[in-house]
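All values below were derived from every heavy atom in this structure, side-chain atoms included, with hydrogens, water molecules and symmetry-related copies excluded. Order of listing sets the numbers, starting from 1, for every ligand and every atom in it.
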Amino acid sequence: MKYRTAGIFAGLLGTGVFLSLTVSRAFAGGGSAFALIPMPMKAQRQRGQFTLKPQARILVDAVARQTGGFLAERLRKSTGFEFNLEETSDSAPAKGDILLTTEDAQANLGPEGYTLSVTPDSVVIRATASAGLFYGMQTLLQLFPPNIFSREAVQGCDWTAPCVRIQDKPRFKWRGFMLDCARHFFTKQEVERVLDAMAMHKLNMFHWHLTDDQGWRIEIKEYPLLTKVGAWRHSIGFGLGPKSSTAYGPDGRYGGFYTQDDIRQIVAYAQARHITIVPEIEMPGHCSAALSAYPQYSCFGGPYNTDMRGKISEGAYCAGKDQTFEFLENVLSEVIDLFPGKYIHIGGDEVKKQNWSRCPLDQARMKEEGLKTERDLQGYFIRRIEKFLNSKGRTLIGWSEILEGGLAKNAVVMDWIGGAIPSAREGHDVVMTPTSNCYFDYYQSTNHTTEPRAIGGYLPLSKVYSFEPIPAGLEPRYQSHVLGAQANLWTEYVPNLKHAEYMMFPRLAALAEVAWSPKSARNYASFLRRLKTHEQRLDQLGINYRKLRPE
Ligand code: ACM
C-alpha cells in the first residue's frame, strides 16, 4: 500500500476561476453543442450550422489519412453512413465535405495544434502534423450531438454542428494519466478502453504502473518466473469481495500479466491515438512480486510473496550486489525494446531501507562509494540505473524520492510529495502529480456512505479543476521545465474497470482541461455547464462516471 502522505508541497492549489474574454464571449449563450472539453485556446462562434449528410466525403492528404480513417469509422458507427475517404492535395473542400490537411496549416500552433473551421458548407481541419489533425477531429466530434459517440447507428438524428472558427494548441506537453495495473489487473481490452478515453480528452501520456509488491504484469523472456510466480497471488486481497474482479487464473489464483505481444499491440494502439506509454518498473522498493520470484536479488533471500497480508512493502532490491543491477538491466533492456517512448519510469518511491542498514553487502557498497547514509545509497542506485538508461538513449523518470541522495544527471522528477521547485531550478524537467489535486484513488465526496470504499483522502472535482501545474514560487525562467500534469489512479481498492472509470470521471475531464487549456480559459462554472453535455457523451460510450452531485 502506498502511504500517500499529505503532500509536503504547499501552494499548488490555484484559485481556479479564470475568464477568457475571447472564449467566454464567444460561448456566451452557446447551447449544449458548444460544450467542448477541454476548452480550446480560441473559439469564435459563427452564424449557421453544418449538416453531415450521407454523401459527405472525408478528404485527406497523406498525413491526414490515419485520422480521416478514425473519423470515418467513428461517424459510421453512430450515423450508420458509409463515408468515402478520398486522398486529395486540394486545399479547399467541396460542399458538404470534411477536409483534413496539412496544407496551409499554422506552424505557430506546433505539432499538436490545429485550426478547425466549420461553415454551413464544409468542415476544414488544418494542422502541421498528424497529432494536431487528430485533436482537431476530437474537437469536431464534440461539436456534433453527443450521440455521435453512440456505439450503434442512431436513426432520425440531425447530425449538425454549429459553425465556428477554432485555433487551438495545448498549454502543456505532458497530459498524463497513470493506471496501476499491479494492485489489480486490467486486461488488454480494458487498457485499450482507457486509452480511447484518454484520446478523447486530448491526453497524451499513459503512465503504466506495471510492477509493484502485489503483482508483476509484464512478460520478461529472460526471467520467466517474474510472471509465472510474480503475476499471481492467492486471493484478491485488500479485503475486497472475490467477485469484484474476474482476473483469476485457471487455478483460482488472482492476477494476470501482459505478454510481449499484448504489449506491442497496446503500444501500437496508443501510438495510433497519439499517446506515448511510459512504463513503470519499480525499484529499488515496491518490488516484493519480483523478489517472490527471484529472492536472490534481495538482501537476505526472503521469502517474499505477493499476498502482502495487509503489510506495507518490505521488499527492496539489494544495492550491494552487482547481480541485482545485471538483473535490472536485463529486465530494462526488454522493456526498452517494447516501448519506443523516450521515458522509462523506475519508481523510486517509499523505499524501505531497513535491510540495507543490516546488510553487509549494502554497507560495504556504501563504504566503497563513500556514501554516508542509506538515502545516499538510494541516490547511488538511481544514478547507476540512469547511466544504463541513458546509454540506451532513454530518459529516467521517477517519483519525488529520486531526489534523495542527489538527483541523477538527466532525470525527470514526477512530483507527488514535493521536489519540483528545486529540481526545475537545477534544470530538471518535472511532471506535476501532487496528492492534493491529482490522486484519483481519493474519495470524491466527504460522504463515504454513498461512495465506493477508497483508500482515503478527499479529492473532489472542483479541486482537480482548480489545480495550477506551475508551482507557486517557481521563477518564470524555470517554468518551461514543468512538462505538465498527470492524474494517478492507484488501484488497491479499485478491482475492475467500471470502478476505475468511476474514479476517473469526471475528474479526468477536469485534469484534461487543466493540462490542455490556457489558464485564462479556465472557468469552473462554465466547465460544469459543459460537463452536463459531456456526461451524455460518456453515456453513449458506456463509460461509468460519478454523476454531478454534491461533493
Ligand atoms: C506514490 O504514490 N507512492 C508515488
Subject >> Worked verdict on Asp322 versus Arg365 for salt bridge (Lys or Arg N to Asp or Glu O under 4.0 Å) >> reply: CA-CA 10 Å; Asp322 284 331; Arg365 173 82 74 197; 2.9 Å; yes
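- Checked against the 6.0 Å centroid criterion, the rings of Tyr317 and Tyr294 do not qualify as a close aromatic pair.
- Residues forming a side-chain hydrogen bond (donor to acceptor under 3.5 Å, both in side chains) with Lys498 (at least two apart in sequence, or on another chain): Glu501.
- Ring centroids of Trp399 and His207 are separated by less than 6.0 Å, placing the two rings close together.
- In this structure, Arg183 is not positioned above the aromatic face of Phe238 in the sense of NZ or CZ being under 6.0 Å from the six-membered ring centre and within 45° of the axis.
- Taking every heavy atom of Trp490 and a limit of under 4.0 angstrom, the matching atoms of ligand 1 come to 1 (C), 2 (O), 4 (C).
- Considering backbone and side-chain atoms together, Asp349 places an N or O closer than 3.5 Å to an N or O of ligand 1.
- Heavy-atom contacts of Glu350 reach the following atoms of ligand 1: 3 (N) (cutoff under 4.0 Å).
- Near Tyr439, the atoms of ligand 1 lying under 4.0 angstrom from a non-hydrogen atom of the residue are 1 (C), 2 (O), 4 (C).
- For Trp416, no nitrogen or oxygen atom sits less than 3.5 Å from a nitrogen or oxygen atom of ligand 1, counting backbone and side chain alike.
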